[in-house]
Amino acid sequence: MERKIPSEVRKLLIQKLKEYRFINDELILIEEQLDSTPADKNYYIKSKNKISRKTESLAIRLAENKKYQEIKAWKNCIDNLFISYDKNSLKWKFIQRRYILYDTVVYKWDKTRKLKDNDIYRDFELEGINKSNITFKRMKESIIIDLYKEAIKNNLIKF
């Protein structure tokens with residue numbers, strides 16, 4: 001028997017799926033911010049007879065950075081979800097199209113319109129995957145439940 005997902009948690013899970021395509025950029029940005037050190041005029045004098053441990057100190061700073069660790073944990077969680085799906089499955093294709101590849105749809109009459117689930121359902125129907133909207137909605141619910149279970153397993157959501 002499965003528990004009902006609270007609405008706040010559901011919103012968080014959907015938000016994390018939407019942010020997934022930008023996670024690598026955020027991680028790189030944090031790494032660059034922590035890696036850059038202000039220039040010191042007397043660096044040569046201070047570094048004389050010392051061993052540089054720049055990589056070690058960066059790793060320590062990244063380990064101590066809570067935002068970096070949280071983003072990395074969510075990335076691993078969603079990656080594990082992708083690994084559990086077959087690349088030819090409808091769930092995997094839905095996640096790719098809805099949350100990773102496309103964010104907006106461009107029409108002649110409306111240059112930037114937010115992509116909705118129904119747009120993805122229509123795309124699948126045009127490709128010959130004839131399922132009812134109820135089936136697609138159940139599939140999306142199944143994806144969210146799978147992500148919820150994975151997030152609980154990784155201690156990202158606590159009660």
Side-chain angles (χ1 to χ4, degrees), residues 1-36 55-107 109-159:
M1 188 166 144
E2 296 180 14
R3 288 185 242 163
K4 184 164 173 55
I5 301 174
S7 63
E8 310 87 44
V9 175
R10 176 181 300 283
K11 288 177 186 176
L12 174 71
L13 294 173
I14 291 172
Q15 184 65 30
K16 292 300 179 184
L17 279 172
K18 288 180 180 179
E19 292 173 355
Y20 179 75
R21 60 191 246 182
F22 305 111
I23 284 179
N24 284 332
D25 296 337
E26 287 182 47
L27 292 174
I28 290 170
L29 182 67
I30 293 172
E31 288 173 3
E32 287 175 351
Q33 288 173 350
L34 292 177
D35 190 31
S36 65
T55 306
E56 182 181 346
S57 65
L58 176 62
I60 291 169
R61 281 184 271 161
L62 288 176
E64 292 173 349
N65 190 323
K66 291 184 182 195
K67 182 179 179 183
Y68 181 84
Q69 293 303 321
E70 181 186 357
I71 294 171
K72 190 112 173 132
W74 276 106
K75 181 183 183 328
N76 290 337
C77 179
I78 296 172
D79 285 345
N80 290 341
L81 179 70
F82 286 156
I83 290 170
S84 68
Y85 294 147
D86 180 28
K87 287 191 176 189
N88 295 324
S89 71
L90 198 57
K91 287 182 181 181
W92 193 84
K93 290 177 183 178
F94 177 79
I95 291 172
Q96 286 288 339
R97 290 182 185 180
R98 179 66 174 99
Y99 299 113
I100 297 173
L101 298 177
Y102 309 114
D103 186 27
T104 57
V105 179
V106 177
Y107 291 107
W109 64 87
D110 185 7
K111 294 298 179 193
T112 56
R113 186 173 73 84
K114 289 287 184 183
L115 184 67
K116 297 186 177 159
D117 293 339
N118 288 334
D119 299 326
I120 303 299
Y121 303 156
R122 266 189 266 122
D123 284 350
F124 283 138
E125 288 174 359
L126 290 173
E127 290 178 7
I129 301 172
N130 294 323
K131 307 275 185 193
S132 67
N133 280 349
I134 295 171
T135 306
F136 283 124
K137 288 178 183 177
R138 286 182 184 156
M139 178 195 61
K140 183 180 177 188
E141 183 65 24
S142 172
I143 292 169
I144 293 172
I145 289 171
D146 292 345
L147 182 58
Y148 179 67
K149 289 177 184 176
E150 191 69 34
I152 288 176
K153 189 169 70 173
N154 292 333
N155 292 326
L156 294 172
I157 298 174
K158 297 172 185 147
F159 292 98

**Study point:** K91 to S142 - nearest heavy-atom pair and separation
**Key:** NZ-OG, 2.6 Å
Check your understanding: Just wondering, do K67 and I71 contact through their side chains at under 4.5 Å, heavy atoms?
Key -> yes
Review point. Who pairs with I28 by side-chain contact (heavy atoms from CB on, under 4.5 Å), at least two apart in sequence or on another chain?
Key: E32
Review point. Distance from I5 atom CD1 to I152 atom CD1, nearest 0.5 Å?
Key: 8.0 Å
Study note, to complete from the structure: Separation between CG (L90) and CZ (F124), nearest 0.5 Å, reads 5.0 Å
Check your understanding: Is the shortest side-chain N to carboxylate O distance from E150 to K153 below 4.0 Å?
Key -> yes
Point to revise | Residue pair Q33, R61: steps toward the side chain to side chain contact (heavy atoms under 4.5 Å, CB included) verdict | key: CA-CA 11 Å; Q33 288 173 350; R61 281 184 271 161; over 6 Å; no
Point to revise | Interatomic spacing from CD1 in I145 to NZ in K4 - rounded to 0.5 Å | key: 9.5 Å
Check your understanding: Should the ring pair Y99 and F94 be called parallel, tilted or perpendicular, given that the plane angle runs from 0 to 90° and is split at 30 and 60?
Key -> perpendicular
**Study point:** Pairwise distance CD(Q96) to OH(Y20) - rounded to 0.5 angstrom
**Key:** 8.5 Å
Check your understanding: So, are R97 and E127 salt-bridged, with charged N and O less than 4.0 Å apart?
Key -> yes
Practice item. For L17 and L147, work out which heavy atoms get closest and say how close. Key: CG-CD2, 3.7 Å
Point to revise | L126 CG: over 12 foreign heavy atoms closer than 6.0 Å | key: yes
Exercise for review: Not counting sequence neighbours, list each pair that qualifies as a salt bridge (Lys or Arg N to Asp or Glu O under 4.0 Å) and has a residue in residues 128-138.
Suggested key: none
**Study point:** Intermediate values then yes/no, side chain to side chain contact (heavy atoms under 4.5 Å, CB included), N154 and N76
**Key:** CA-CA 9 Å; N154 292 333; N76 290 337; 5.6 Å; no
Study note, to complete from the structure: Between the CG atom in L156 and the NZ atom in K16, the distance rounded to the nearest 0.5 Å is 9.0 Å
Review point. Is there side-chain contact between Y148 and P6, with heavy atoms separated by less than 4.5 Å?
Key: yes
Exercise for review: Side-chain contact test, heavy atoms from C-beta onward, threshold under 4.5 Å: evaluate it for W92 versus I143 and give yes or no.
Suggested key: no
Check your understanding: Rounded to the nearest 0.5 Å, how far does CD of E64 lie from CD of Q69?
Key -> 10.0 Å
Exercise for review: List the steps and the verdict of side chain to side chain contact (heavy atoms under 4.5 Å, CB included) for I78 and I95.
Suggested key: CA-CA 11 Å; I78 296 172; I95 291 172; over 6 Å; no
Check your understanding: Of all heavy-atom pairs between K75 and N24, which one has the smallest distance, and what is that distance?
Key -> CE-OD1, 2.8 Å
Point to revise | Side chain to side chain, F22 and L29, heavy atoms closer than 4.5 Å | key: no
Check your understanding: Can you tell if the side chain of K72 reaches within under 4.5 Å of the side chain of L62, non-hydrogen atoms only?
Key -> no
Check your understanding: Aromatic rings Y121 and F136: how do their planes relate, parallel, tilted or perpendicular, breaks at 30° and 60°?
Key -> parallel
